[in-house]
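A quick write-up on the structure given underneath.
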Amino acid sequence: MKIASWNVNSLKVRLPQVLDWLQQQQPDILALQETKLTDEHFPATEIQAAGYHAVHAGQKTYNGVALLSKQPAQEVLADIPGLEDAQRRILCATLAGIRVINLYVPNGQEVGSEKFRYKLDWLQHITRYIKQQLAAHPKLVVLGDFNVTPEDRDVHDPLAWHEQILCSTPERQALQGMLALGLNDSFRLFEQPDNIFSWWDYRAGGFRRNAGLRIDLILTSAALSSACTSASIDTAPRALERPSDHAPVLAEFTD
DNA sequence: ATGGTGGCGCGGCCA
């Protein structure tokens, strides 16, 4: 079982890269963020032709999340109880007996801003929902673009980013609160090289300099953590022409 | 370097 997540920054632009990547990697589940499409423009035919079922919660211009899977989705939910939000940032489904929660966490713009408060409030609500879901589904994965670096080792230049957006103490505490429910950052279940990231700014040659952050995560419940055999980040798509600013992240499991 | 690039969509927002 291979589970992956990729912020594609426009599925319209990135569809050929996504189809190529599905063909190469053959993940059982691929969570997408920032599709930037309404549901009526979702490329369902192309994805079906690649051998995948798909569900999508989209909107015009911004946000948008999708779940692609070899097995059809059950119990699909885009609006969680207690969080009224027009922004399409959450998509939950049961896939191959695993409860999957795909998140595009708000960026937050700047520490202390209105968008920052929205981010922290949003994380608090989703954490409450995950707590409920964990009680009902021992095999649970929460994955996506978290827009939070778990620790300084997930930051190319911790000094420059100290208490900046994506790296601040309140954001990291919110993420820790989610992990404290009984989830593991699957990437850290394994020994990893230094300076491995999942996002690089388009500006100032971020990828060329490996000036990145690790903000795309696959969190696993105890039942899945013990079955996890590897976790990695595939930087190859980030080096393609006209790439997303994020690379896909992966985790593999025994059946 | 207080900039830089990219997507959407056609001016400015968002990341």
For atom [atom1] of [X] and atom [atom2] of [N], their distance in whole Å:
X       : N       : atom1 : atom2 : answer
Y62(A)  : dA15(B) : OH    : C1'   : 10 Å
R89(A)  : dC14(B) : CZ    : P     : 11 Å
H246(A) : dG7(B)  : NE2   : P     : 13 Å
W199(A) : dG7(B)  : CH2   : P     : 15 Å
Q59(A)  : dG7(B)  : CD    : P     : 18 Å
N107(A) : dG7(B)  : CG    : P     : 17 Å
N63(A)  : dG7(B)  : CG    : P     : 17 Å

Closest to the 5' end of DNA chain B, once V13(A) and Q109(A) are matched to their nearest nucleotides, is V13(A)
Residues of residues 142-155 of chain A with a heavy atom under 4.0 Å from any atom of DNA chain B, listed by number, are none
Set of side chain to side chain donor-acceptor pair (under 3.5 Å) partners for [X], sequence neighbours left out:
X       : answer
Q71(A)  : none
Q176(A) : none
Q59(A)  : N63(A)

Here the pair of heavy atoms bringing P27(A) nearest to L22(A) is CG-CD2, 3.8 Å
Less than 3.5 Å apart, which donor and acceptor atoms pair up between the side chains of residues 33-40 of chain A and the rest of the protein, not counting sequence neighbours?
{"from": "Q33(A)", "atom 1": "OE1", "to": "N7(A)", "atom 2": "N", "distance (Å)": "3.2"}
{"from": "Q33(A)", "atom 1": "NE2", "to": "S5(A)", "atom 2": "OG", "distance (Å)": "3.0"}
{"from": "Q33(A)", "atom 1": "NE2", "to": "N102(A)", "atom 2": "OD1", "distance (Å)": "2.8"}
{"from": "E34(A)", "atom 1": "OE1", "to": "Y104(A)", "atom 2": "OH", "distance (Å)": "3.4"}
{"from": "E34(A)", "atom 1": "OE2", "to": "N7(A)", "atom 2": "ND2", "distance (Å)": "3.0"}
{"from": "E34(A)", "atom 1": "OE2", "to": "Y104(A)", "atom 2": "OH", "distance (Å)": "3.3"}
{"from": "T35(A)", "atom 1": "OG1", "to": "H56(A)", "atom 2": "NE2", "distance (Å)": "2.8"}
{"from": "K36(A)", "atom 1": "NZ", "to": "N9(A)", "atom 2": "OD1", "distance (Å)": "2.8"}
{"from": "T38(A)", "atom 1": "OG1", "to": "H41(A)", "atom 2": "ND1", "distance (Å)": "2.9"}
{"from": "D39(A)", "atom 1": "OD1", "to": "H56(A)", "atom 2": "ND1", "distance (Å)": "2.8"}
{"from": "D39(A)", "atom 1": "OD1", "to": "G58(A)", "atom 2": "N", "distance (Å)": "2.9"}

**Asked** Within the structure shown, what part of the strands sits under 4.0 Å from Y104(A) by heavy-atom distance: base, sugar-phosphate, or nothing?
**Response** sugar-phosphate
_Under 4.0 Å, heavy atoms only, any strand: does R238(A) hit a base, just the sugar-phosphate, or nothing?_
nothing
So salt bridge (Lys or Arg N to Asp or Glu O under 4.0 Å) across residues 213-241 of chain A, not counting sequence neighbours, yields D154(A)-R214(A), D185(A)-R214(A)
Residues pairing under salt bridge (Lys or Arg N to Asp or Glu O under 4.0 Å) where one sits in residues 84-108 of chain A, two or more places apart or in two chains, turn out to be D79(A)-R88(A)
Enumerate all atom pairs, one protein N or O and one N or O from nucleotides 1-6 of chain B, separated by less than 3.5 Å.
{"from": "dG4(B)", "atom 1": "O6", "to": "R203(A)", "atom 2": "NH1", "distance (Å)": "3.3"}

With a cut-off of less than 4.0 Å, is there a side-chain N or O of T61(A) near OP1 or OP2 of dG7(B)? no
**Prompt:** Reckon K60(A) has a side-chain N or O less than 4.0 Å from the OP1 or OP2 of dG9(B)?
**Reply:** yes
**Message:** Check for me, please, whether V111(A) and L213(A) land in the same ILVMFWY cluster - side-chain distances under 4.5 Å, paths through other members count.
**Reply:** yes
Would you measure the distance from the [atom1] atom in [N] across to the matching atom in [M] and give it in whole Å?
N       : M      : atom1 : value
dA15(B) : dG4(B) : C1'   : 13 Å
dT5(B)  : dA1(B) : C1'   : 15 Å
dC14(B) : dG9(B) : P     : 14 Å
dG7(B)  : dG3(B) : P     : 23 Å

(Q) With no hydrogens and no angle check, just 3.5 Å: does a side-chain donor-acceptor pair link E252(A) and T229(A)? (A) no
Note: with side-chain heavy atoms under 4.5 Å as the link, the other cluster members for F197(A) come out as W200(A), F207(A)
